Structure formats: structure tokens, C-alpha cells
Protein chains: 2
Amino acid sequence: MKNSELKKAGLKTTIPRIQILELLDSTDSPKHLSAEDVYKKLLSQDSDIGLATVYRVLTQFEQAGLVTRHHFDGVHSIYELNNGQHHDHMVCGDCGNVHEFYSEKIEQGQHDIAIENGFTLKHHSLYMYGTCSECNKKQL
Amino acid sequence: MKNSELKKAGLKTTIPRIQILELLDSTDSPKHLSAEDVYKKLLSQDSDIGLATVYRVLTQFEQAGLVTRHHFDGVHSIYELNNGQHHDHMVCGDCGNVHEFYSEKIEQGQHDIAIENGFTLKHHSLYMYGTCSECNKKQL
DNA sequence: TTGATTGCAAAGAATTTGCACTGGG
DNA sequence: CCCAGTGCAAATTCTTTGCAATCAA
């Protein structure tokens, strides 16, 4: 399981790595977490892991392709377990909820624009900010 | 000119503000600058403006809608004079060049997705990273 | 005049690094 | 056993703030 994912990435199997991987994978917790979020969550689960380690591990995971790093409007980085399928994000400014989506039309549009400009597209980041349906309802 | 733009924004006409506005507006310099870039550029033009002031002024400009702030993959914020017409960006990882583009198809796609999800879209950020045509040529 | 604005230095927030210690293979 | 991995504290980087001096209206 987690064990083999780490090995595949060339990383030794250690407590902090396992725990962070499990945390990111757990379905109950939000899937988009900052380093601080991960740190606090681990602390509240007994773990006496250091914040620096969280940063180091997340960075290694990112380099290994296990995790994707985002820069939502705010200041700090947000990490998300990489499930293999590309998607973009819709961030609700009211409740902070992050919704994932995929649009073939948008992907195509990007591809087209890149071609038009002789640009070799490696990756992209698209964030849509606004108010989610839940929050829209509440404000009635 | 600059003067009235500032007044319209409710900001007093001061040397730092004028200079920063002119810098951002000048066609010769890149249009996408970090606070540090602006600061260094001003220093090299005699000006003895403080870095803190650059940050303050850029933040005020952003709030006044005169300037748009971006968070390209890197760490620091990048500022750009707001010319009124929305556009997205293509960032070359090799030469650092930033190219602006606008795609009706992509904008439409975003609008569609938002509707589909009952999401009220306020704004978005789309950055495409890769290699620009110039750099592609050089690598032949 | 007078409150807005600035420069400087000091404070903050997020992230990284140095180093001695620990632990997985 | 041995080096990768870790915790802690100190260092960096980017940005914001406090405060006395300065300036535009």
C-alpha cells in the first residue's frame, strides 16, 4: 500500500511519510491542505512530527509526483494527493471549499492557444474563485 | 495623465506613486514585475524610494483596481498595470518571458462549468507554463 | 495646518537549512 | 553498521507594520 508507493518514489518508508500519505489519502479530511494544516492534523493525532519535516516530505512527494502543489490566491502552498487524473479547481471565497472539475473544452482551448503561439505547454494552473452553490443558497 | 488616474483612485499625487505608475506603464520595461523588480528599477533611476513604500503603493493600486497581482508558480507576487481588458498568461520557464492571451473558448468553458455547478464566478486565474516559441527555436 | 504618505528598521509569516541524533534496510 | 531521515532552532525570503519625519492639498 503506502509502503510500495513510497518505495516506487525512491523514498524510505518512515513514520512521517506514511502518516502524511495516509492523511492526504483519508477521505474524511479535506483533500487540499497547507503544510500547516498537515502539521496540526498530525499533532492532533498524537504524532510528534516536526513542521520542517512536513515541509520536507511534502516537497519530496511533489518532486516524486505523488502530490500536487497549488498556489490558491492566498499566500501559502496547498498540497493535494495526486490521483493521476488532471483537474482544475473552483475555490469558494465564502466557505473555503474547493471543488475539482475537468473541462475538455477548456483543455482544448488551452491546447489551441499554445499551438497558435508555438508554445510548448508543460502544465497549467486554472483556479476559479467565487461563491459555491451551497453558499449561494444560504444567502437567500 | 498619471495624476488624474491617482485622483480617481482617491490617492494623493506623490512622487513614489507617480514613478511606480510610470514604470509599470513604460513600454520598454517588462510589464510583469515583482515588488523587488520595481524597487530595483526605481533605484537605478536615481529615486530613493523605500521597498516598503513600493509594497504599500502596489497594494493600494491593486485595491484601487489600477494594478493586477499575479502569483506565478514561483514564490513572490507579480504586478501588472491593469489595462481594462482581461487576459490570461503563458509563462516561459526558460526565458521567463510572459505572454498574454485571450481565448473566448476558454472563457466560455469556464462560464459553462460555473453554471453547471451553481457556482458564481467572481474571477479566475489561468497560467500556462512551458516553453515559448523563441526558446523552442533556440533549442534546435 | 493637518491628515495622508514615506523611509527606515523592526516585526511577521511561510518556508528552508544546519546540525547532531535516530532509525530503517 | 551507515547513511537517509528527522527534530529543533536558527536562517532566509517575501511582505507588512510601527513610528517619527515629511509632504500634498
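Just so it is clear: chains get the letters A, B, ... in the order the sequence lines come, proteins before strands, and each one is counted from 1. Since we're looking at a predicted model, the values are computed, not measured.
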Review point. Just checking A:I49: base, sugar-phosphate only, or nothing, at a heavy-atom cut-off of under 4.0 Å?
Key: sugar-phosphate
Practice item. May I have the distance from A:F72 (atom CZ) to C:dA14 (atom P), rounded to whole angstrom? Key: 16 Å
Practice item. Using a cut-off of strictly less than 4.0 Å, decide whether B:T14 has a side-chain nitrogen or oxygen near OP1 or OP2 of C:dT6. Key: yes
Check your understanding: Rounded to the Å, how far apart are A:Q19 CD and C:dG24 P?
Key -> 12 Å
**Study point:** Residue met sooner reading DNA chain D from 5', once B:I15 and A:G10 are mapped to nucleotides
**Key:** A:G10
Within the sub-3.5 Å range, which N or O atoms of nucleotides 11-18 of chain D have a protein N or O partner, and how far apart are they?
{"from": "D:dT15", "atom 1": "OP1", "to": "B:S77", "atom 2": "N", "distance (Å)": "2.8"}
{"from": "D:dT15", "atom 1": "OP1", "to": "B:S77", "atom 2": "OG", "distance (Å)": "3.2"}
{"from": "D:dT15", "atom 1": "OP2", "to": "B:Y55", "atom 2": "OH", "distance (Å)": "2.5"}
{"from": "D:dT15", "atom 1": "O5'", "to": "B:Y55", "atom 2": "OH", "distance (Å)": "3.3"}
{"from": "D:dG18", "atom 1": "O6", "to": "B:R56", "atom 2": "NH1", "distance (Å)": "3.2"}

Point to revise | Length of the line joining B:D48:CG and D:dT22:C1', which is rounded to integer Å | key: 12 Å
Review point. Checking A:D25 side chain against A:L21 main chain: does a donor-acceptor pair fall under 3.5 Å?
Key: no
**Study point:** Ion pair check, A:K137 and A:E134, cut-off under 4.0 Å
**Key:** yes
Point to revise | Criterion side-chain hydrogen bond (donor to acceptor under 3.5 Å, both in side chains) on A:S34 and A:D37, from CA distance to verdict | key: CA-CA 5 Å; A:S34 69; A:D37 290 338; 3.0 Å; yes
Point to revise | Shortest non-hydrogen separation from B:A114 to B:L121 and the atoms involved | key: CB-CB, 4.2 Å
Study note, to complete from the structure: Rounded to whole Å, the OH-P distance (A:Y39 to C:dT16) equals 16 Å
Review point. A:K12 has a side chain; which of D:dT6, D:dA25, D:dC3 sits nearest to it?
Key: D:dC3
Practice item. Provide, to the nearest angstrom, the distance between the CG atom belonging to B:L6 and the P atom belonging to C:dA4. Key: 17 Å
Check your understanding: Just how far, in rounded Å, is C1' of C:dG24 from NZ of A:K7?
Key -> 10 Å
Check your understanding: Using 30° and 60° as the class limits, which term best fits the ring planes of A:Y129 and B:H123: parallel, tilted or perpendicular?
Key -> parallel
**Study point:** From CA spacing to verdict: side-chain contact (heavy atoms from CB on, under 4.5 Å), A:K41, A:V38
**Key:** CA-CA 5 Å; A:K41 210 132 193 172; A:V38 171; 5.8 Å; no
Exercise for review: Indicate yes or no for a side-chain donor-acceptor contact from A:N97 to the backbone of A:C132 under 3.5 Å, with no hydrogens or angles considered.
Suggested key: no
Practice item. Could you state the atom-to-atom distance from CG of B:D73 to P of C:dT15 in whole Å? Key: 14 Å
Check your understanding: A:Q60 CD to C:dT15 P: how many Å, rounded?
Key -> 16 Å
